[in-house]
Amino acid sequence: MKKIFALIILIGLFTGCFYGNDENLFGEWLFNVDGTYTYVFYDDGTGERGFPETRHWFTWETRGERLKISHEQRVARHEIQNEVWTFEIEEDVLTITNNNNPVEEIQFSYFTAIMENNPGLVGIWSWEESETFTYVFNGDGTGTRGFPGEDDSFTWAANDSRLNIFRDNPRRNEIRGELWTFELNNDRLVMTSLQQEDFTNSYTKLAGDY
């Protein structure tokens with residue numbers, strides 16, 4: 001009987017220490033002050049945050065209302081490698097409070113789930129400067145781009161004017177998460193980078209419902 005009781009206590013201890021990934025956090029969250037600083041929580045326990053031109057990778061896990069963030073990159077001497085936050089989600093607003101500094105409370109608004117998409121983008125788009133370079137936006141939120149024979153695959157999410165591209169296999173020193181604004185006018189797509197100044201490309205639609 002004592003062994004059974006001890007086993008129950010041991011299981012309870014392991015259960016109490018268990019961390020997971022709260023699916024309510026999946027997706028991208030925009031800082032309410034200016035909307036340019038964002039958190040992205042991926043369903044595999046990785047994430048990225050920062051301004052469009054400066055993105056930092058991390059891993060994350062949750063237990064109840066506790067959010068633990070671990071930096072993948074080396075941090076400066078005065079920075080904390082593992083951050084612990086308390087989080088709360090009400091409707092589409094995420095509030096996180098730094099457990100090491102309770103005065104630091106930040107609010108974010110939900111942008112879109114990673115696999116949601118704007119149906120107007122679905123199809124094949126040809127670059128106006130070189131017709132052999134194409135974007136393919138699939139209806140399931142996946143896509144490919146490049147010249148013939150290239151295989152740069154990605155997942156994407158978009159609302160009415162903003163497009164996020166998450167590359168599956170970026171090369172070393174290349175970013176995974178790209179942030180764009182876009183305009184649709186009939187069969188013409190204009191994409192402007194939020195991360196690279198004065199970088200705009202135009203595309204013509206070759207086929208829809210892809």
Side-chain angles (χ1 to χ4, degrees), residues 25-44 46-58 72-73 92 94 108-210:
L25 284 170
F26 294 171
E28 183 181 18
W29 300 84
L30 281 63
F31 185 30
N32 282 356
V33 172
D34 59 10
T36 59
Y37 190 98
T38 66
Y39 269 85
V40 182
F41 296 98
Y42 297 104
D43 58 7
D44 62 358
T46 64
E48 57 180 311
R49 69 183 181 187
F51 296 99
E53 65 277 8
T54 56
R55 309 293 289 176
H56 301 282
W57 282 94
F58 58 84
E72 290 194 339
Q73 294 116 326
D92 289 335
L94 165 67
F108 296 81
S109 293
Y110 185 64
F111 171 63
T112 184
I114 295 301
M115 297 306 292
E116 291 180 354
N117 52 68
N118 183 323
L121 287 170
V122 175
I124 304 175
W125 299 84
S126 173
W127 188 23
E128 291 186 350
E129 294 188 20
S130 177
E131 294 182 356
T132 58
F133 185 99
T134 60
Y135 266 90
V136 179
F137 294 103
N138 298 315
D140 62 359
T142 63
T144 57
R145 69 179 176 190
F147 293 100
E150 294 183 353
D151 185 19
D152 190 3
S153 58
F154 55 83
T155 56
W156 61 282
N159 59 13
D160 293 335
S161 61
R162 175 166 166 161
L163 167 66
N164 289 9
I165 290 176
F166 307 98
R167 302 174 63 187
D168 294 342
N169 298 295
R171 299 180 181 87
R172 189 173 183 179
N173 297 325
E174 291 184 339
I175 60 174
R176 180 184 180 191
E178 300 177 4
L179 310 179
W180 302 79
T181 59
F182 71 94
E183 295 181 10
L184 283 171
N185 186 4
N186 296 324
D187 290 336
R188 190 168 187 264
L189 166 67
V190 179
M191 294 170 49
T192 301
S193 174
L194 290 172
Q195 296 158 301
Q196 187 173 342
E197 189 175 357
D198 298 325
F199 186 64
T200 299
N201 288 317
S202 300
Y203 302 84
T204 302
K205 197 167 194 177
L206 298 179
D209 299 326
Y210 196 77

Please give me the minimum heavy-atom distance between [X] and [Y], naming the atom from each residue.
X: Val40; Y: Phe166; answer: CG1-CE2, 4.2 Å
X: Trp180; Y: Ile165; answer: NE1-CD1, 4.0 Å
X: Thr155; Y: Asp168; answer: N-OD1, 4.0 Å
X: Asn159; Y: Phe182; answer: O-CZ, 3.3 Å
X: Trp156; Y: Thr142; answer: NE1-O, 3.1 Å
X: Asp92; Y: Trp29; answer: O-CZ3, 3.7 Å

Results of side chain to side chain contact (heavy atoms under 4.5 Å, CB included) for [X] - residues two or more places apart only:
X: Asp44; answer: Tyr42, Thr46
X: Asp198; answer: none
X: Glu150; answer: Phe147
X: Asp187; answer: Lys205

Side chains of [X] and [Y] in contact at under 4.5 Å (non-hydrogen atoms):
X: Tyr39; Y: Phe58; answer: yes
X: Asn201; Y: Tyr135; answer: no
X: Ser202; Y: Arg188; answer: yes
X: Pro148; Y: Thr132; answer: yes
X: Phe31; Y: Phe51; answer: no
X: Trp127; Y: Tyr203; answer: yes

- Query: Can you tell me how far OH of Tyr110 sits from CD of Glu28, rounded to the nearest 0.5 angstrom?
  - Reply: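 Glu28 atom CD to Tyr110 atom OH measures 10.0 Å (nearest 0.5 Å).
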- Task: First locate atom OG1 of Thr38, then atom CG of Leu194, and finally report the distance between them rounded to the nearest 0.5 Å.
- Result: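 CG of Leu194 is found 10.0 Å from OG1 of Thr38.
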- Message: For Glu131, I'd like to know if atom CD has over 12 heavy atoms of other residues, nucleotides or ligands within 6.0 Å.
- Response: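 For Glu131, atom CD is not crowded (no more than 12 foreign heavy atoms under 6.0 Å).
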- Which residues share a side-chain hydrogen bond (donor to acceptor under 3.5 Å, both in side chains) with Thr204, sequence neighbours left out: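 Residues passing side-chain hydrogen bond (donor to acceptor under 3.5 Å, both in side chains) with Thr204: Glu128.
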- Message: Checking Thr54 now: which residues fulfil side-chain hydrogen bond (donor to acceptor under 3.5 Å, both in side chains) with it, not counting sequence neighbours?
- Response: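 Scan of Thr54 (side-chain hydrogen bond (donor to acceptor under 3.5 Å, both in side chains), adjacent residues dropped) gives none.
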- Message: When you compare the side chains of Arg162 and Asn164, does any donor N or O come within less than 3.5 Å of an acceptor on the partner?
- Response: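 Asn164 and Arg162 do have a side-chain donor-acceptor pair below 3.5 Å.
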- Is it the case that Thr200 and Thr192 place a side-chain donor and acceptor less than 3.5 Å from each other?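 Yes, side-chain donor-acceptor contact under 3.5 Å.
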- Message: Which residue in the set Thr134, Ile124, Val136 passes side-chain contact (heavy atoms from CB on, under 4.5 Å) when paired with Thr144?
- Response: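 Single pass found, and it is Val136.
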- Message: Can a donor-acceptor pair be found, under 3.5 Å and without considering hydrogens, that links the side chain of Arg55 to the backbone of Gly50?
- Response: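 The answer is yes, because a donor-acceptor pair under 3.5 Å joins these two groups.
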